[in-house]
Amino acid sequence: MYIIFLMIAVSVSVAAAFLVAFLWAVRSGQYDDDYTPAVRMLFDNETPAKPARKDDKSTS
Amino acid sequence: MATKAALGTEVQTCYHCGDKCVEEVVVAHDKSFCCSGCKNVYELLEENNLCTYYNLEENPGITGKLKGSESRFAYLDDAGVEAQLISFKSEAICKITFYIPQMHCSSCIWLLENLFKLNPGISESTVNFLRKEVSLTYFPQKTTLREVVTLLARIGYEPEITLADTDGKKTSKPNRTIIYKLGIAGFCFGNVMLLAFPDYLAITEGLQRTFGSFFGYLSFLLSIPVFFYSARGFFTSAWEGIKQRMVNIDLPIATGLLALFFTSIYQVVTGSGPGYFDSFTGLVFFMLIGKYFQQKTYDTLSFDRDYTSYFPVSVTVLKEGGEEAAVAVRNLKVGDRIRVRNQELIPADAILLRGQAMIDYSFVSGESEPVEKVMGEVIYAGGRQVGESVELEVVKEVSQGYLTQLWNDSVFSKEEAQSVNTYANVAGKWFIIVTMLVAAGSLVYWVPRDTEMAMKAFTSVLIIACPCALSLATPFVHGHTLRVFGRNKFYLKNTSVVETLAKIDTIVFDKTGTLTEPSAAEISYTGKTLSEAQLQSIKSVLSHSTHPLSQRIFQSLQGEVVPVSHFKEIAGKGLVGEINDAVIRIGSASYLGVKADTGSDTLKTTVYVSVDGVLLGYYTFYNVYRKGLKHILHELEGKKLAVLSGDNDHEQARLQDLLGTEAELSFNQSPLQKLEYIQQLKDRQHKVLMVGDGLNDAGALKQSDAGIALSNSVTNFSPSCDAILDAAAFDKLSKFLGFSRKTMKIILATFAVSLVYNVIGLTLAVQGLFSPLVSAILMPISSLSVIIFATLSVKFAAKRAGL
């Protein structure tokens, strides 16, 4: 039964790691802008020879 | 390469900006443009292989028609100005953030993030679309700030650099503390809850016996950060209240939290029980959610602007030898000669020395017609010059000007006092009184019978009576209301405005731009009946003038435009042109050499028309009141209505008719008089709502209990206020007021719901029957049900109100 000490220690540390990850993400500004990245990812990578497709529209 | 085509019958739209090509069509590269400005942007983008811009959205561009000379950015070369604007500077790189209100679609994002292709000196640019900001990094060795700004202006995204930007760094660092607190509280709550499980389930009694104290101490350890960090706000706020001898909503919360925490520590240390750490962390977590909800407002909109946000950073000063130099507006001195070009703002009160001044005061007064000024006249700061460039002599420093003096009024310097009499605070006061009475009562009852039971009952009452429901109801109801309003284009500065709106009994309107439609005027013609051909001639002559009055009449007339010869525009007077050998004159009464029709309407704007020297008649411009204004005002019945106008009183009869005989109408009001009027109303214990639009209303908006700025585009202009209302939603004003009153009822109902829980909990507590199990059930249920009840009832009420 004493395995429970170890298991709780592990579970709390895993949770703490996620907490640290969350705090780091907030601190680095990842939650500051929740709109622009969603639009940005829809832009095609530019290949100089080929023009981007006309029907590739994202909504604003 | 570019050819100009005559205006055809079919109206073409500009490939770049999507505007209708009314005046001319510039055809280049098989595409049509409305002006050479748009064409130039297209060519610049095409050269640099950036035409994806046009593929992402149809006609994404910004019209290139209104453009000043690029020399106006000369002040950016000044090291002092540069240092004030740049957020980071080193030998190798500079970082700067621009506010670009023109940003409107995904094409804009794409182009602004590909700026490095246009100027290799720019290393990186990142857009925050909601804030309409672009953060740039550039190499100072390769390019300058001025070049970057000029480039942005050239492609249509001229950044807004105002006086406020140079007033020291804005610490606009987003406040993330609440998120940290929430994250930590959530983490601790989850883990403590897990450790508390054995207590809830009878079958794990063996487990509890073996690990009880380990679980207890671990929970204690996890609660420490919650107590000292996450919950700190409640304690400090309660302490502030006590210091000012006031009871606010946070006092009962803090009492409850302290009782919970220390009882739990006592239980764990003495081994007498598992404590209530799960309730403690859970409570803090839920209440922080409420706080977060309340805090989330529109950080993309600005509610606290003063005149510095609109004034330019620099102005062209003429030195002795006629040299021009860009000088920071703050350093302008009395006696300086300045040059103000087309579309530039006049930064200080000044006397006109040379040039034809047509001053557009729309920014100050909401008045849409540009006002003509003659030499020697004083022009007040805040006006925008339309037309040729003019020379002025500064007579007052920027901070002493007629307009800016408004900001010296004490209203603007005092911090907004936290509203004390909010529902939550009043309820909190009674709550803590009742709780203390009950706790004391149970103590008195139990002490002679059972001392241990007395302590238990006493602390239980404090714990269970925690007013989490009270503290959750207000933020959730207000938060949802804010969102409902936002969906309907009514943006509140913060959630407490909802409560202020509910108490309003007096509504004061500004006239121009608020009750009237700023962009429209009704035109009526008086005089001899005009033939089809005459109308056509008038329209043709008008088509050559960019004067706003000409444009208005032009748009109201039907028919084709025919060629005009010998066209001449005499600025400030009128137009003359020949069509089929007939001389058409259009302009003011004095220009046509006639006596103005001195009927009752001498104060109205009139434009006279003559053909071959024979006066035909005149056009009169009326204010156009907003659509459905009568209906809106009718809905506001029961409230005291008033109108403050900076304008003359020629519309008095019409306004009185619209507002009813009870309404007070005041005309020729200066900004300061407006402010004083509101103050008088407040002195008479009225709760005043001011609705205005211009900077001249700024004082009144600030002075009133709730100031609503009406704006045609919410991101552009609004003086400091409590709420911004999109002009399109003006007709819903009474609905908004009604709805905010309804939300107050919802809050009361939520209080009632939480009262039921408290009665059940207190009944158990005074009998000493309160146990961790009861707290584990009652606490989350009461919190969650309050949140759900608040959310659903606001949604339901909004649906019924049609919002």
Side-chain angles (χ1 to χ4, degrees), chain A, chain B residues 49-58 60 103-114 117 126-135 172-188 190-192 194-195 198 206-207 210-211 214-215 218-219 221-222 225 299-300:
Chain A
M1 268 313 256
Y2 287 95
I3 189 75
I4 271 191
F5 286 117
L6 182 69
M7 286 172 71
I8 286 181
V10 170
S11 83
V12 172
S13 347
V14 170
F18 276 104
L19 175 69
V20 171
F22 171 72
L23 294 181
W24 168 80
V26 173
R27 200 181 186 81
S28 64
Q30 292 185 25
Y31 290 94
D32 289 355
D33 183 3
D34 52 8
Y35 179 82
T36 325
V39 178
R40 195 179 292 139
M41 68 177 282
L42 294 173
F43 296 147
D44 285 341
N45 282 335
E46 295 291 299
T47 40
K50 266 186 261 168
R53 285 199 320 262
K54 186 95 186 170
D55 57 345
D56 197 0
K57 263 184 224 156
S58 49
T59 47
S60 62
Chain B
N49 206 7
L50 287 169
C51 282
T52 309
Y53 183 58
Y54 298 101
N55 297 334
L56 292 168
E57 299 272 342
E58 297 269 343
M103 215 186 279
H104 64 281
C105 66
S106 52
S107 280
C108 305
I109 301 175
W110 184 84
L111 181 61
L112 289 170
E113 296 202 335
N114 280 290
K117 290 185 182 162
T126 314
V127 171
N128 184 331
F129 186 75
L130 292 182
R131 301 183 73 93
K132 306 225 184 282
E133 278 176 357
V134 58
S135 308
S172 62
K173 239 171 108 185
N175 190 5
R176 304 187 186 121
T177 328
I178 184 88
I179 303 176
Y180 295 146
K181 284 183 176 174
L182 201 55
I184 287 167
F187 161 76
C188 296
N191 284 289
V192 172
L194 197 71
L195 297 172
L207 197 70
T210 333
F211 299 104
F214 169 62
F215 285 174
L218 194 57
S219 304
L221 208 68
L222 284 166
D299 46 347
T300 47

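Here is the naming used below: chain letters follow the sequence lines, and residue numbers restart at 1 for every chain. Only this structure's heavy atoms are used, side chains among them; waters, hydrogens and symmetry mates stay out.
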Quick one: what part of B:Phe214 sits under 4.5 Å from any heavy atom of chain A, side chain, backbone, both or neither? side chain

For B:Ile184, is it the side chain, the backbone, both or neither that has a heavy atom under 4.5 Å from a heavy atom of chain A? both

Okay, A:Leu23 and chain B: the region with an atom under 4.5 Å from a heavy atom over there is both

Relative to chain B, which segment of A:Arg40 carries a heavy atom at a distance below 4.5 Å: side chain, backbone, both, or neither? side chain

Strictly distance-based, threshold 3.5 Å: is any side-chain N or O of [X] a donor or acceptor partner for the main-chain N or O of [Y]?
X: B:Ser219; Y: B:Val192; result: no
X: B:Glu113; Y: B:Val127; result: yes
X: A:Thr36; Y: B:Phe129; result: yes

Set of residues satisfying side-chain contact (heavy atoms from CB on, under 4.5 Å) with respect to A:Ala15, sequence neighbours excluded: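 Here the qualifying residues are B:Phe187, B:Asn191.
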
Taking side chain to side chain donor-acceptor pair (under 3.5 Å) as the test, write out the residues that go with B:Thr126, two or more places apart.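 For B:Thr126, no residue satisfies side chain to side chain donor-acceptor pair (under 3.5 Å) once neighbours in sequence are set aside.
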
Most contacts with chain B, counted as non-hydrogen pairs under 4.5 angstrom, among A:Tyr31, A:Phe5, A:Phe22: A:Phe5

